[in-house]
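Read through the structure below, which is laid out as structure tokens, and then see the notes.
In each ligand, atom 1 is the first atom listed, and ligand 1 is the first ligand listed. Values reported hereafter were calculated over all heavy atoms of this structure, with side chains retained and with hydrogens, waters and symmetry mates removed.
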Amino acid sequence: ANNDIQVKRTFDEKPGMRPVPNPVLTFEQAFKPFPDILQEIYKQDFEMPSPIQSQAWPVLLRGDDLIGIAQTGTGKTLAFLLPALIHIDGQTIPREQREGPTVLIMAPTRELALQIDKEVSKYQYKGIKSVCLYGGGDRKEQIKVVAKGVDIVIATPGRLNDLVMARHLNIINFSYIVLDEADRMLDMGFEPQIRKSLFDVRPDRQTVMTSATWPSGVRRLAESYMKDPIQVNVGSLDL
Ligand code: ADP
Ligand code: MG
């Protein structure tokens, strides 16, 4: 695979924007202030950050929005997940007092959602809990788990929209939102569910989007939901 990497502002450069941060070369460089996260990474026996992680971590840790364009198997899950864990822990309102979960990860299919959930469960950080919501899963049970209290919701757009409309989830509580494999979600016709679910999203949230390609539909979604996103492209792409 071609691991050429490009990083830039997605839309117009505006005066006063911070420059794009330099990539980190090691896990220590990225997570020095978070020894518990480093411990969790060491358990995985990874050698070094993947190109997308090198570029994504400093962007996400400083709170900027990020678009990651990369093929499968490039390590996108950890690229958005580890900053998500730190985001949850860094909220000013203690976790017990929050109205609902903090992080929302949307994925196109049940299989992909379950894969992300599996990855999430490998990282034990401050007792952070997740739930995976997808069509065909036991809806009552999902609602029960959400009501008991979780920090991360991983969901397919259909079931998410269903639970948001039925007021089992209040989208305004989410302050870190990931649209994983956005191009596939659009290809599968999920745009209406995504837009309906995100109708009431909080303006001060952080938003991440990943995609293998960069078609106009994905670009429009980014324009609607992201604030001055930094874009990282990995591999050879027709851009
Ligand atoms: P993507 O979402 O880009 O398709 P994943 O995030 O699912 O890719 O990662 C693919 C695999 O690579 C997973 O098994 C994951 O544990 C592993 N992985 C992630 N980061 C690294 C790394 N820095 N070094 C080695 N393997 C990694
Ligand atoms: Mg993935």
Side-chain angles (χ1 to χ4, degrees), residues 1-7 22-32 34-61 66-87 103-125 128 130 132-134 152-157 160 176-188 190 194 207-215 218 221-222 229-237 239:
N2 180 348
N3 272 343
D4 280 353
I5 186 155
Q6 268 183 38
V7 55
N22 290 324
V24 292
L25 303 175
T26 62
F27 296 117
E28 294 73 20
Q29 213 185 330
F31 299 109
K32 198 164 184 203
F34 311 103
D36 295 357
I37 292 278
L38 274 176
Q39 273 325 46
E40 293 300 308
I41 300 174
Y42 293 149
K43 283 189 206 158
Q44 311 298 321
D45 268 334
F46 295 151
E47 217 170 295
M48 57 177 172
S50 73
I52 191 123
Q53 293 164 359
S54 294
Q55 214 27 274
W57 285 334
V59 171
L60 291 174
L61 288 174
L66 178 91
I67 301 176
I69 312 280
Q71 298 300 324
T72 355
T74 45
K76 292 191 288 298
T77 313
L78 273 194
F80 61 70
L81 177 62
L82 299 181
L85 301 178
I86 291 164
H87 173 93
V103 169
L104 171 64
I105 304 170
M106 264 193 251
T109 65
R110 164 203 172 118
E111 287 69 32
L112 286 164
L114 285 167
Q115 248 178 54
I116 297 167
D117 194 38
K118 198 172 146 200
E119 199 74 14
V120 171
S121 61
K122 284 187 202 162
Y123 296 84
Q124 309 296 317
Y125 187 62
I128 286 172
S130 70
C132 193
L133 310 175
Y134 49 85
I152 304 178
V153 168
I154 303 146
T156 53
L160 175 73
Y176 187 110
I177 291 182
V178 182
L179 301 173
D180 196 24
E181 306 214 14
D183 51 351
R184 275 190 75 187
M185 291 202 281
L186 296 185
D187 286 347
M188 293 174 71
F190 280 133
I194 295 173
T207 312
V208 185
M209 193 181 276
T210 83
S211 187
T213 56
W214 184 234
V218 175
L221 209 56
I230 289 173
Q231 184 171 333
V232 182
N233 302 311
V234 174
S236 49
L237 286 168
L239 290 171

query = Tell me, which protein residue and heavy-atom name are nearest atom 15 (C) of ligand 1, and how many Å apart are they?
reply = E119 OE2, 3.7 Å
inquiry  = Yes or no, since that's all I need: does a protein heavy atom fall within a distance strictly under 4.0 Å of atom 12 (O) of ligand 1?
reply    = no
task = Decide if atom CD of Q44 counts as having more than 12 heavy atoms of other residues, nucleotides or ligands within a radius under 6.0 Å.
result = yes
T213 backbone acceptor or donor facing D183 side chain under 3.5 Å = yes
task = Please say whether L78 places an N or O atom under 3.5 Å from an N or O atom belonging to ligand 1.
result = no
task = Name the closest protein heavy atom to atom 10 (C) of ligand 1, giving the residue it belongs to and the distance to 0.1 Å.
result = G73 CA, 4.1 Å
ask   = Nearest protein heavy atom to atom 20 (N) of ligand 1, by residue and atom, and its distance?
value = Q53 NE2, 2.8 Å
message = With heavy-atom distances below 4.5 Å as the criterion, would you say the side chains of F31 and V24 are in contact?
response = no
query = Identify the closest protein heavy atom to atom 18 (N) of ligand 1: which residue and atom is it, and at what distance?
reply = F46 CZ, 3.6 Å
key: N/O separation below 3.5 Å, K122 to ligand 1   = no
W57 side-chain N/O to L78 backbone N/O, donor-acceptor pair under 3.5 Å = yes
query = Does the N or O separation between M48 and ligand 1 drop below 3.5 Å for any pair?
reply = yes
Pairs of donor and acceptor atoms involving the side chains of residues 105-113, under 3.5 Å and at least two apart or interchain, shall be tabulated with distances.
| unit_1 | atom_1 | unit_2 | atom_2 | d |
| --- | --- | --- | --- | --- |
| T109 | OG1 | L112 | N | 3.1 |

Within-cut-off N or O pair, T72 and ligand 1, under 3.5 Å = no
Side chain, backbone, both or neither: E47 near ligand 1, heavy atoms under 4.0 Å = neither
task = Using distance alone, decide if ligand 1 has a nitrogen or oxygen within less than 3.5 Å of any nitrogen or oxygen in T74.
result = yes
message = To the nearest 0.5 Å, what is the distance between CZ on R184 and CG on L179?
response = 15.0 Å
query = Backbone N or O of K76 within a donor-acceptor pair of the T74 side chain at under 3.5 Å?
reply = no
message = Check whether T210 reaches the backbone of E181 with its side chain - one donor and one acceptor, N or O, closer than 3.5 Å.
response = yes
Element-labelled atoms of ligand 1 that are located less than 4.0 Å from some non-hydrogen atom of T77 = 2 (O), 5 (P), 6 (O), 7 (O)
query = Are the side chains of F80 and L66 in touch, meaning some heavy atoms are under 4.5 Å apart?
reply = no
Ligand 1 atoms in contact with S50 (distance to a heavy atom under 4.0 Å) = 23 (N)
ask   = What is the closest protein heavy atom to atom 8 (O) of ligand 1, and at what distance does it sit?
value = G75 N, 3.3 Å
